[in-house]
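In what follows, every heavy atom counts, from backbone to side chain, and hydrogens, waters and symmetry copies are set aside. This is a predicted model, so every value here is computed, not measured.
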Amino acid sequence: MNMLKEKILSEGEVYPNDVLKIDAFLNHQIDTKLSDEIGKEFYELFKDKKPNKILTIESSGIAIAVATSKYFDFIPVLFAKKNDSSNMSKDTYSSSVHSYTKNQDYNIHVSKEYLNENDRVLIIDDFLANGEAMNSLIDICKKANAQIVGCGAVVCKTYQNGENRIKELGYDVKVLARIKSLNDDGSIEIE
Ligand code: 5GP
């Protein structure tokens with residue numbers, strides 16, 4: 001995914017605590033051409049797995065999950081909600097996540113109505129760092145007895161253990177850009 005790598009190198013910003021800010025094209029403003037390319041790439045990587053649903057986490061996962069759904073003939077996108085919103089069904093699968101960027105724990109929820117044992121789920125997220133968010137999405141699928149057919153992340157910080165952690169659980173993990181290091185001088189090294 002050269003387009004993604006070029007975007008990261010030209011518009012990504014290095015923030016304290018090893019945070020890569022990509023608000024310019026994914027986490028705040030969205031480059032929809034790039035999202036579409038990301039969707040196409042995830043389709044190529046996971047088309048043999050025949051998912052019938054994409055699961056992600058609000059908010060940044062939604063755009064890329066929707067873009068990916070288009071290539072899978074518009075399968076539904078289900079996103080885990082981060083707060084107990086008053087209009088959400090009380091019958092939910094929930095899991096706790098430790099946020100890397102905010103250094104705090106929060107719960108995510110998915111309504112039992114939309115996830116069950118007949119689902120073949122492709123999990124998609126924007127970043128894979130320590131694997132906390134991905135692991136909680138896996139946890140929710142397990143609680144629903146849904147089958148996980150793959151896990152995709154747009155950006156992986158390979159010096160953190162998320163990728164290995166999820167692979168060691170036995171899942172097929174694919175990442176589109178691998179960050180080798182974020183440096184104090186603001187430079188970004190991509191594998
Ligand atoms: P993990 O749960 O794998 O430790 O971190 C992944 C989650 O934390 C992602 O959902 C993403 O929102 C956030 N995150 C982790 N590292 C970064 C980063 O360097 N930059 C941004 N923008 N988000 C990150």
Side-chain angles (χ1 to χ4, degrees), residues 1-12 20 22 25-27 30-80 97 100 108 110 114-115 118-142 144 146-181 188-191:
M1 281 234 54
N2 284 339
M3 187 180 178
L4 173 63
K5 287 180 191 165
E6 281 162 20
K7 274 276 187 191
I8 293 171
L9 291 175
S10 62
E11 296 179 35
L20 173 63
I22 52 172
F25 57 90
L26 201 114
N27 287 145
I30 296 168
D31 181 327
T32 56
K33 174 136 184 58
L34 177 65
S35 303
D36 190 65
E37 290 294 322
I38 288 169
K40 195 193 288 180
E41 187 69 17
F42 278 137
Y43 172 73
E44 288 303 326
L45 293 170
F46 292 112
K47 62 183 174 201
D48 297 342
K49 300 295 179 76
K50 307 219 176 318
N52 74 333
K53 192 163 285 183
I54 299 175
L55 176 65
T56 187
I57 186 164
E58 67 175 356
S59 53
S60 297
I62 298 174
I64 46 172
V66 169
T68 306
S69 149
K70 181 183 123 184
Y71 287 93
F72 281 101
D73 201 17
F74 301 100
I75 56 175
V77 169
L78 178 62
F79 62 92
V97 187
Y100 178 80
I108 58 170
V110 165
Y114 305 122
L115 194 64
N118 298 318
D119 285 319
R120 295 175 54 81
V121 180
L122 173 60
I123 297 176
I124 297 279
D125 201 9
D126 57 346
F127 272 85
L128 186 52
N130 290 311
E132 280 288 311
M134 195 73 87
N135 197 45
S136 295
L137 292 171
I138 289 170
D139 185 38
I140 281 182
C141 287
K142 281 186 178 163
Q147 190 184 342
I148 297 159
V149 300
C151 300
V154 178
V155 182
C156 176
K157 294 188 283 186
T158 56
Y159 51 92
Q160 294 182 260
N161 72 345
E163 187 180 16
N164 285 339
R165 180 177 171 190
I166 305 301
K167 280 186 175 166
E168 276 164 16
L169 292 173
Y171 298 107
D172 182 12
V173 182
K174 299 277 194 314
V175 302
L176 306 188
R178 311 172 71 82
I179 307 296
K180 202 170 165 189
S181 67
I188 301 163
E189 220 183 327
I190 303 191
E191 281 178 18

Once you round to the nearest 0.5 Å, how far does [atom1] of [X] lie from [atom2] of [Y]?
| X | Y | atom1 | atom2 | result |
| --- | --- | --- | --- | --- |
| Lys49 | Lys174 | NZ | NZ | 5.5 Å |
| Phe127 | Asn27 | CZ | CG | 5.5 Å |
| Thr68 | Phe46 | OG1 | CZ | 9.5 Å |
| Arg178 | Glu163 | CZ | CD | 4.0 Å |
| Asp73 | Tyr43 | CG | OH | 9.0 Å |
| Asn164 | Leu169 | CG | CG | 11.0 Å |

Can you name the closest pair of heavy atoms from [X] and [Y] and give their distance?
| X | Y | result |
| --- | --- | --- |
| Ile179 | Ile188 | CD1-CG2, 4.2 Å |
| Leu122 | Phe72 | CD2-CE1, 3.9 Å |
| Lys142 | Tyr171 | CE-OH, 3.5 Å |
| Ile30 | Leu26 | CG1-O, 3.8 Å |
| Val149 | Pro51 | CG2-CB, 3.8 Å |
| Leu55 | Ala80 | CD1-N, 4.4 Å |

Output a table of donor-acceptor pairs, distance under 3.5 Å, between side-chain atoms of residues 131-141 and any protein atom two or more places apart or on a different chain; print 'none' if there are none.
from, atom 1, to, atom 2, distance (Å)
Glu132, OE1, His98, N, 3.1
Glu132, OE2, Arg165, NH1, 3.2
Glu132, OE2, Arg165, NH2, 3.4
Ser136, OG, Ser96, O, 2.8
Ser136, OG, Glu132, O, 3.2
Asp139, OD2, Ser95, OG, 2.7
Asp139, OD2, Lys143, NZ, 3.2

### Message
With a 6.0 Å cut-off (strictly less than), is the heavy-atom count around NZ of Lys167, excluding the residue itself, greater than 12?
### Response
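Result for NZ/Lys167: enclosed.
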### Message
Given 3.5 Å as the limit, does a donor-acceptor pair link the side chain of Ser69 with the main chain of Ile75, or not?
### Response
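Such a contact is found between Ser69 side chain and Ile75 backbone.
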### Asn52 side chain vs Arg120 backbone, donor-acceptor pair below 3.5 Å
yes
### Query
Passes side-chain contact (heavy atoms from CB on, under 4.5 Å), Asn161 versus Asn130? Steps please.
CA-CA 5 Å; Asn161 72 345; Asn130 290 311; 3.5 Å; yes
#### Entry: Criterion side-chain contact (heavy atoms from CB on, under 4.5 Å) against Leu4, the qualifying member of Asp31, Ile190, Val154
Val154
### Task
Mind running side-chain contact (heavy atoms from CB on, under 4.5 Å) on Val173 and Leu128 for me, showing each step along the way?
CA-CA 10 Å; Val173 182; Leu128 186 52; 3.9 Å; yes
### Task
Measure from NZ or CZ of Lys47 to the centre of the six-membered ring of Tyr71 and say whether it is under 6.0 Å with the direction within 45° of the ring axis.
no
#### Entry: Any Ile8 side-chain heavy atom under 4.5 Å of Leu20 side chain
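Heavy-atom side-chain distance check passes, below 4.5 Å.
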#### Entry: Side chain to side chain, Leu45 and Leu176, heavy atoms closer than 4.5 Å
yes
### Partner residues of Lys50 under the salt bridge (Lys or Arg N to Asp or Glu O under 4.0 Å) criterion, sequence neighbours left out
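None.
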### Task
Could you list the residues that satisfy salt bridge (Lys or Arg N to Asp or Glu O under 4.0 Å) with Asp119, not counting sequence neighbours?
Lys53
